[in-house]
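Input: a single structure, listed below in structure tokens.
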Amino acid sequence: MLVLRSHVRIRVLLYKFIGAACRETTFPLLTSIQNIRDMKHESIVVVYDSCQAIAEEIADKLGAETVSVQSMNVRQIENSQSLVLIIEFQDGGKLSPHWQYVYLLLSEVDLSGKNIAVIVAQGNKRDCGTITKELCDRLMNQGAHIIGDQLYSGTSGQNLDNWICAISPNL
């Protein structure tokens, strides 16, 4: 990463490329800290519980990082631009305990401008569709953009690769 620390250095570089002095041209200073903050802010995070293999496959295809729900915190949510949530339900259509915790975390954070895609890894659309829709509606009420349709594992006609291709331009 190239970090320019002074206006003089910028003028010298411009002189080398353009062949003329640029005494009146000034540019804002860039700092490595700001560049790091910008990179972190633009990140995609894939959040999973027990489906690590699926999370890693998605992360590889999206150039994202994976985070377990067990280690998720507010700062990670705030520093990411996009989230892929691989949620899991228990029998009876209740969110797993770890996902209940993340649900509470998400309700404490301003999600304005965040892009969120949802996969239901354990549970089906018939039993968990209403709760998944309520979750997405709540996230939208907090300012998040829900990207694409929710993917339910085990549903015929739905393919993980096709889903990733559909959501990736919007993350």
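The structure presented is a predicted model; accordingly, all values stated were derived computationally and were not measured.
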Check your understanding: Testing Leu85, Ile131, Thr132 for side-chain contact (heavy atoms from CB on, under 4.5 Å) with Val120, which one passes?
Key ->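 That would be Thr132.
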Practice item. Report the residue from Val67, Leu83, Asp60, Val84 that forms a side-chain contact (heavy atoms from CB on, under 4.5 Å) with Val46. Key: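 Of all the options given, the one that passes is Val84.
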Point to revise | Within 6.0 Å of NZ in Lys94, more than 12 heavy atoms from elsewhere | key: no
Check whether any side-chain heavy atom of [X] sits under 4.5 Å from a side-chain heavy atom of [Y], and report yes or no.
X: Glu78; Y: Asp110; value: no
X: Ile54; Y: Tyr48; value: no
X: Gln90; Y: Pro97; value: yes
X: Leu111; Y: Ile77; value: yes
X: Cys51; Y: Glu88; value: yes
X: Ile167; Y: Leu151; value: no
X: Val102; Y: Asp49; value: no

Between [X] and [Y], which heavy-atom pair has the shortest distance, and what is it?
X: Gln150; Y: Cys136; value: NE2-SG, 3.4 Å
X: Gln142; Y: Val109; value: NE2-O, 3.1 Å
X: Ala166; Y: Pro169; value: O-CD, 3.6 Å
X: Ala59; Y: Thr66; value: CB-CG2, 3.5 Å
X: Ile86; Y: Trp99; value: O-CZ2, 3.1 Å
X: Asp149; Y: Trp163; value: O-NE1, 2.8 Å

**Study point:** Ion pair check, Glu134 and Arg138, cut-off under 4.0 Å
**Key:**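 Salt bridge: no.
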When rounded to the nearest 0.5 angstrom, what is the spacing between [atom1] in [X] and [atom2] in [Y]?
X: Leu171; Y: Ser80; atom1: CG; atom2: OG; result: 11.0 Å
X: Glu57; Y: Leu160; atom1: CD; atom2: CG; result: 5.0 Å
X: Lys114; Y: Ile146; atom1: NZ; atom2: CD1; result: 13.0 Å
X: Ser68; Y: Gln70; atom1: OG; atom2: CD; result: 4.0 Å

Point to revise | Any donor-acceptor pair under 3.5 Å from Gln76 side chain to Asn73 backbone | key: yes
**Study point:** Step-by-step side chain to side chain contact (heavy atoms under 4.5 Å, CB included) determination, Tyr101 to Leu95
**Key:** CA-CA 9 Å; Tyr101 167 73; Leu95 282 172; over 6 Å; no
Check your understanding: Taking it one step at a time, do Lys133 and Val118 satisfy side chain to side chain contact (heavy atoms under 4.5 Å, CB included)?
Key -> CA-CA 10 Å; Lys133 183 178 179 342; Val118 177; over 6 Å; no
Review point. Where do Asn79 and Val45 land on the side chain to side chain contact (heavy atoms under 4.5 Å, CB included) test, with the steps shown first?
Key: CA-CA 9 Å; Asn79 287 338; Val45 177; over 6 Å; no
Point to revise | Pair Asn170-Asn115, side chain to side chain contact (heavy atoms under 4.5 Å, CB included): steps then yes or no | key: CA-CA 8 Å; Asn170 298 310; Asn115 301 312; 6.0 Å; no
